[in-house]
Amino acid sequence: GEPDAATLALLQKCAVPLLAAATPRAVWLLADAPALTDAGLLPGEDVHKHLKGCGQAILLAVTLGPGVDAQIRRAGVGDIAAGVASDALGSALAEQAAEAAEGKYLTGRFSPGYGDWDIAVQPLVAAALDTARKVGLCVTDTNLMTPRKSVTAILGVSDHPVRGHLAGCGHCVLRTRC
């Protein structure tokens, strides 16, 4: 539903400095899907189901930059609600930036950690895209990304409309144990 007036005012208050702090950047690689498999980037079955019918795939990384992380921390100092609102706005903005980087006939985005595509592939994705040098996105030794408001994903590319494999909690092999 629609947010109440107080929530809407909080979101609007937090959006201005968050947008000012954002420096969205993206990097992508168009490759033949078998080449990505051979490079060890596509372990598991779910990502292959997602790419079914696609000869090529786009490996994508998008970040809002470190200024957004800093702004989220600043917003939360002394105002937990503003910190939470800024964090949610940052997540939504990162998703919008990822959607803006797409084109052609594509499946939806499928990210490391979805289904059985292990999050441990995250450093390989970052290395393949050279994210540290190109967009300032790094992966920690626990496979988390910095800046936090970043997205990595693979999208199938086809010359005809394709749907891809459904992602999300309802379709995850870990849904009963998560």
Backbone of [Y] reached by a side-chain donor or acceptor of [X] within 3.5 Å:
{"X": "T107", "Y": "G156", "value": "yes"}
{"X": "D79", "Y": "A82", "value": "yes"}
{"X": "S86", "Y": "G83", "value": "no"}
{"X": "D46", "Y": "D116", "value": "yes"}
{"X": "D32", "Y": "A35", "value": "no"}

* Asked: Does the side chain of V62 come within less than 4.5 Å of P24's, by heavy atoms?
  -> no
* Between V121 and P43, is any pair of side-chain heavy atoms under 4.5 Å apart? -> yes
* To do: Would you check, one step at a time, whether the test side-chain contact (heavy atoms from CB on, under 4.5 Å) holds for V139 with L144?
  => CA-CA 5 Å; V139 178; L144 297 176; over 6 Å; no
Would you give the length of the straight line joining atom [atom1] of [X] to atom [atom2] of [Y], rounded to the nearest 0.5 angstrom?
{"X": "T152", "Y": "F110", "atom1": "OG1", "atom2": "CZ", "value": "12.0 Å"}
{"X": "L155", "Y": "L51", "atom1": "CG", "atom2": "CG", "value": "9.0 Å"}
{"X": "L129", "Y": "L41", "atom1": "CG", "atom2": "CG", "value": "8.5 Å"}
{"X": "R25", "Y": "T23", "atom1": "CZ", "atom2": "OG1", "value": "7.5 Å"}
{"X": "Q56", "Y": "L36", "atom1": "CD", "atom2": "CG", "value": "10.0 Å"}
{"X": "H50", "Y": "E45", "atom1": "NE2", "atom2": "CD", "value": "15.5 Å"}

With the 4.5 Å side-chain cut-off for hydrophobic clustering, are [X] and [Y] part of the same group?
{"X": "I154", "Y": "M145", "result": "yes"}
{"X": "L93", "Y": "L10", "result": "no"}
{"X": "L124", "Y": "L42", "result": "yes"}
{"X": "I119", "Y": "Y114", "result": "no"}
{"X": "W117", "Y": "L29", "result": "yes"}

Which heavy-atom pair separates [X] from [Y] by the least distance, and what is that distance?
{"X": "Q122", "Y": "N143", "answer": "CG-O, 3.8 Å"}
{"X": "A15", "Y": "L89", "answer": "N-CD1, 3.8 Å"}
{"X": "C138", "Y": "A132", "answer": "SG-CB, 4.0 Å"}
{"X": "A128", "Y": "L59", "answer": "CB-CD2, 4.0 Å"}
{"X": "S111", "Y": "A153", "answer": "OG-CB, 3.6 Å"}

* Asked: Does a side-chain N-to-carboxylate-O contact under 4.0 Å join R74 and D69?
  -> no
* **Candidates D130, L137, T131 - the one meeting side-chain contact (heavy atoms from CB on, under 4.5 Å) with K134** => D130
* Donor-acceptor pair between T63 and K149 side chains, under 3.5 angstrom -> no
